[in-house]
Amino acid sequence: MIITLNEAIKMYARVCQVRYGENASAKVKATARQLEKNGDLEGHRVWNQVARELDNALAKDSDRLN
C-alpha cells in the first residue's frame with residue numbers, strides 16, 4: 001500500500017488532534033516555525049499543511065454544531 005503525502009498529512013492531523021486536543025493546531029504551527037527557523041523549508045511547508053488540515057477540521061466541526 002502506497003500512502004500519498006496528502007493522505008499522510010490528513011492521518012497525522014488526526015493523530016495530533018487526538019494527542020494534543022484543542023492545542024493541536026498551535027503545537028503544529030510552532031513546529032512549522034521551528035523547522036523554518038532551522039532552514040527546513042520542506043518540513044515547514046508540510047507542517048503548515050498539517051496545521052491547515054487541523055484548522056479546516058475544526059471549522060467543519062464548528063459548522064456542524066451550529
Side-chain angles (χ1 to χ4, degrees):
M1 175 201 258
I2 297 174
I3 297 173
T4 67
L5 178 58
N6 286 335
E7 291 168 332
I9 287 167
K10 289 178 184 196
M11 286 187 286
Y12 203 75
R14 287 192 298 265
V15 169
C16 288
Q17 184 63 51
V18 169
R19 183 170 184 181
Y20 300 116
E22 292 179 6
N23 297 323
S25 183
K27 287 193 174 278
V28 168
K29 288 175 184 175
T31 299
R33 284 190 302 273
Q34 187 61 45
L35 289 168
E36 181 181 36
K37 182 179 172 184
N38 293 343
D40 183 355
L41 299 181
E42 179 67 11
H44 173 257
R45 184 183 68 79
V46 171
W47 278 86
N48 274 327
Q49 287 177 299
V50 173
R52 196 171 311 117
E53 186 69 30
L54 285 164
D55 291 342
N56 289 342
L58 183 62
K60 285 178 187 176
D61 287 346
S62 178
D63 287 347
R64 274 188 282 187
L65 295 176
N66 292 326

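Everything numeric in this text was worked out from a predicted model, so none of it was measured.
- We find the CD1-CD distance between Ile9 and Glu7 to be 10.5 Å, quoted to the nearest 0.5 Å.
- Transitive grouping of hydrophobic side chains (ILVMFWY, heavy atoms separated by less than 4.5 Å) keeps Val15 and Leu5 in distinct clusters.
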Could you please spell out the steps behind the salt bridge (Lys or Arg N to Asp or Glu O under 4.0 Å) verdict for Arg45 and Glu42? CA-CA 5 Å; Arg45 184 183 68 79; Glu42 179 67 11; 2.6 Å; yes
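- Contact of the Met11 side chain with the Ile3 side chain is registered, since non-hydrogen atoms from C-beta on lie closer than 4.5 Å.
- When all heavy atoms of Ala24 and Cys16 are compared, the closest pair comes out as CB-O, 3.5 Å.
- Pairing each heavy atom of Val28 with each of Trp47, the nearest pair is CG1-O, 3.2 Å.
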Lys10 vs Asn56, test: side chain to side chain contact (heavy atoms under 4.5 Å, CB included). Steps then yes/no. CA-CA 11 Å; Lys10 289 178 184 196; Asn56 289 342; over 6 Å; no
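- Lys27 NZ to Gln17 CD: the interatomic distance, rounded to the nearest 0.5 Å, is 13.0 Å.
- With hydrogens and angles left out, the side-chain atoms of His44 and Asn48 include a donor and acceptor closer than 3.5 Å.
- In terms of hydrophobic clustering, with Ile, Leu, Val, Met, Phe, Trp and Tyr side chains grouped at heavy-atom distances under 4.5 Å, Leu41 and Val46 are assigned to different clusters.
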